[in-house]
Student: 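Below you will find the structure I want to go over with you.
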Amino acid sequence: MRSAVGMMQLGRLGGTVIRAPPGGKRQGPLRQGNHRRRNLSTHAGGGGEKGSKPSTSESQSPFSGKRPAAYGRTGPSRVGPLDRLGNLVRSRVASQEASGGPAYRPEEGSFVEGLEETGGQGETPLNWNLEEMKLSPGLGFGFSAGGLLFPYFVGNAVALKRLGLVSDETVFAGSSAGSLISACLVCDLSAEELMGNLLEMYRQLREEGTVGNVRSVVETYANMVFPDDVHVRANGRLNVSITRVNKQSPFLQSVYVNDFESKEDLIQALLTSSHVPLYMNTKVTSTYRGLTCVDGGLGTNFIPKPPCEEPVTICCFPNMPFECDIAPGKYSECSYSMRKMLQYALLPPGEDKIIDLFEMGVSDVLDWATHTTKSPEAGKDRPQE
C-alpha cells in the first residue's frame with residue numbers, strides 16, 4: 001500500500017493495486033492504456049464478485065446517485081467513473097491511515113490535523129467597492145483561470161468534498177473557470193449533475209463552434225444549473241475575481257465580488273470573470289455593473305487566494321511560474337504537456353479526455369492531501385517533494 005510519504009505512486013481500482021516504477025508516469029485508476037475499460041464490473045464493489053453492488057454505506061457519497069444518460073455507461077455490467085472513484089478515494093484514505101497518518105477520520109468527516117498553512121496573503125484583497133477585505137477564519141480554496149479545463153476542477157471539488165474539507169462556512173475564490181466551480185461548490189451541486197451537464201455543454205460547443213459562442217452557451221447552462229437562491233448562498237462565501245479596466249493607473253485592477261443582488265447579478269459576475277477578450281463573444285471587454293471589465297485571470301489573480309486565514313490555491317495548468325498548492329505535475333508527472341492542456345482550455349476536448357481531466361483533478365487533490373499530513377512520530381511535516 002502507498003505510505004503517506006508518497007515515495008511510490010499508487011493507483012487502486014477496487015481490490016486491484018497498480019504500482020508505477022519510481023519516477024514513472026502516473027498510472028491513475030482509470031488511466032491504464034488499453035486496459036482502461038476492461039472488466040470494470042468486477043471491481044464495482046471493491047474487488048467482490050462480478051456484478052456485485054457496493055454496500056449502502058459505500059454508495060452514500062458525492063459519487064453516488066443516478067448517472068445522466070450522457071455518460072453512455074449505464075448498463076448493469078458497466079460502472080460509471082464517479083461510482084468507481086468513490087472506491088478510489090476510500091482506498092487512498094485507507095492507505096494513509098494504515099501508514100499512521102492522521103489524515104481522514106470518517107466518523108469526523110475532516111482532516112483533523114496536518115494541513116500546513118499556506119502563508120501570508122500578500123496584498124490585502126479588495127472588494128468591488130475597492131475596500132480592503134477581512135480574512136475569514138479557517139480553510140478556503142482558490143481556483144485559477146482555466147478556460148475549458150473545467151473537468152479538472154470538478155474532480156478537485158469531488159475529492160475535497162469526499163475528504164470532508166468543504167463545509168457550510170468554507171470560503172472560495174475563483175477566476176474565470178475557477179469562479180464557476182467555486183459557485184458550484186457554494187451551491188453543493190452534485191458531481192453527477194455537473195458532469196452530465198458538462199458533457200452535454202462541451203458536445204454543443206463542438207457542434208456549434210466554440211470561439212465567440214462560449215458566453216451564450218455557458219450562460220444558458222448556468223441559468224439551468226444554479227438554484228434561484230444561488231446569490232443568497234454565495235453572499236460572503238463566494239469571491240469572484242474580476243479585472244476592472246481603468247482609464248488611469250492601475251489600468252488593470254483585480255477585485256473580488258462577494259455580495260450579489262440576485263441570481264442574474266451573480267451569473268453576470270461569473271461570465272465577466274470568464275471574459276477572455278475576443279473568445280467569449282468576440283468582444284474585447286465586458287460590462288459589469290456599468291464598468292468595463294475583462295477576465296479575472298488577466299490581473300493579479302490568475303490563481304486567486306481566498307480571503308481566509310488558511311488559503312489553499314489550485315491551478316489546472318502544469319508547470320506554471322506561480323506558487324500554488326495543487327496542480328497537475330506537482331506531486332506526480334502530468335499525463336499531458338502544457339501545449340496539450342492549453343489546447344483543451346481553448347477547444348472542448350472529447351468525452352474520454354473530459355473523464356481523464358476529471359480523474360486527474362481527483363488524484364491531484366489526494367496527492368496534496370497525502371503530502372500535507374504530519375508524521376505523529378516526527379511531529380513535523382513530512383517531505384513535500
Side-chain angles (χ1 to χ4, degrees), residues 2 6 9-14 16-18 20 25-32 36 40 43-44 46 54 58-59 61-65 67 71 73 79-96 103-104 111 141 143-144 146 149-166 177-178 181-182 184-185 189-196 198-199 312 314-318 324-336 341 344 349 351-373:
R2 174 178 182 164
Q9 299 177 49
L10 177 147
R12 179 169 179 172
L13 176 60
T16 303
V17 178
I18 304 97
K25 243 182 182 179
R26 183 218 316 262
Q27 294 288 319
L30 301 181
R31 202 170 286 115
Q32 313 299 331
R36 179 175 172 175
L40 295 179
H43 302 292
E58 288 182 338
S59 64
S61 75
F63 314 100
S64 61
R67 288 187 300 278
Y71 283 104
R73 299 178 178 89
V79 180
L82 300 186
D83 297 318
R84 292 196 301 278
L85 284 168
N87 288 332
L88 163 66
V89 173
R90 280 188 287 274
S91 68
R92 288 284 292 271
V93 168
S95 69
Q96 291 173 3
Y104 180 70
F111 277 80
F141 298 94
F143 295 87
S144 72
L149 290 176
F150 189 75
Y152 178 83
F153 287 147
V154 177
N156 294 155
V158 167
L160 291 172
K161 289 171 65 176
R162 180 64 183 88
L163 292 173
L165 296 178
V166 176
I181 192 60
S182 296
C184 294
L185 279 163
L189 298 181
S190 72
E192 295 286 352
E193 182 179 8
L194 283 177
M195 288 297 287
L198 184 65
L199 290 166
V312 176
I314 303 172
C315 181
C316 57
F317 292 101
C324 66
D325 298 291
I326 301 169
K330 187 170 179 68
Y331 300 107
S332 55
E333 186 176 352
C334 180
S335 302
Y336 299 109
M341 294 291 274
Y344 294 154
E351 294 189 3
D352 283 351
K353 300 304 180 187
I354 290 174
I355 301 302
D356 281 346
L357 291 169
F358 171 87
E359 293 175 359
M360 187 189 301
V362 171
S363 187
D364 285 345
V365 167
L366 296 176
D367 287 341
W368 163 79
T370 298
H371 282 72
T372 51
T373 56

Student: Once you round to the nearest 0.5 Å, how far does OH of Tyr336 lie from CG of Leu149?
Tutor: 11.0 Å
Student: How long is the straight-line distance from SG of Cys315 back to CZ of Phe153, given to the nearest 0.5 Å?
Tutor: 6.5 Å
Student: Among all residues two or more places apart in sequence or in another chain, which pass the ring-ring contact (aromatic ring centres under 6.0 Å, His included) test with Phe317?
Tutor: none
Student: To the nearest 0.5 Å, what is the distance between CG on Leu198 and CZ on Phe150?
Tutor: 6.5 Å
Student: To the nearest 0.5 Å, tell me how far Ile326 CD1 sits from Ser144 OG.
Tutor: 11.0 Å
Student: Nearest 0.5 angstrom please: Ser190 OG to Met195 CE, how far?
Tutor: 11.5 Å
Student: Only one of Ile355, Val362, Leu357 forms a side chain to side chain contact (heavy atoms under 4.5 Å, CB included) with Glu359, so which one is it?
Tutor: Ile355
Student: If I take atom CG from residue Asp364 and atom NZ from residue Lys330, how far apart are they, to the nearest 0.5 angstrom?
Tutor: 10.5 Å
Student: Contact between Leu194 and Phe358 at the side-chain level, heavy atoms closer than 4.5 Å - yes or no?
Tutor: no
Student: At their closest point, which heavy atom of Met360 faces which heavy atom of Pro328, and how far apart are they?
Tutor: SD-CB, 3.8 Å
Student: Who are the ring-ring contact (aromatic ring centres under 6.0 Å, His included) partners of Tyr152, not counting sequence neighbours?
Tutor: none
Student: Taking side chain as C-beta onward, heavy atoms only, is Leu185 less than 4.5 Å from Phe143?
Tutor: yes
Student: Which atom names give the shortest non-hydrogen contact between Met341 and Cys316, and what distance separates them?
Tutor: CE-O, 3.1 Å
Student: So Asn156 and Ile181, do their side chains get closer than 4.5 Å, heavy atoms only?
Tutor: no
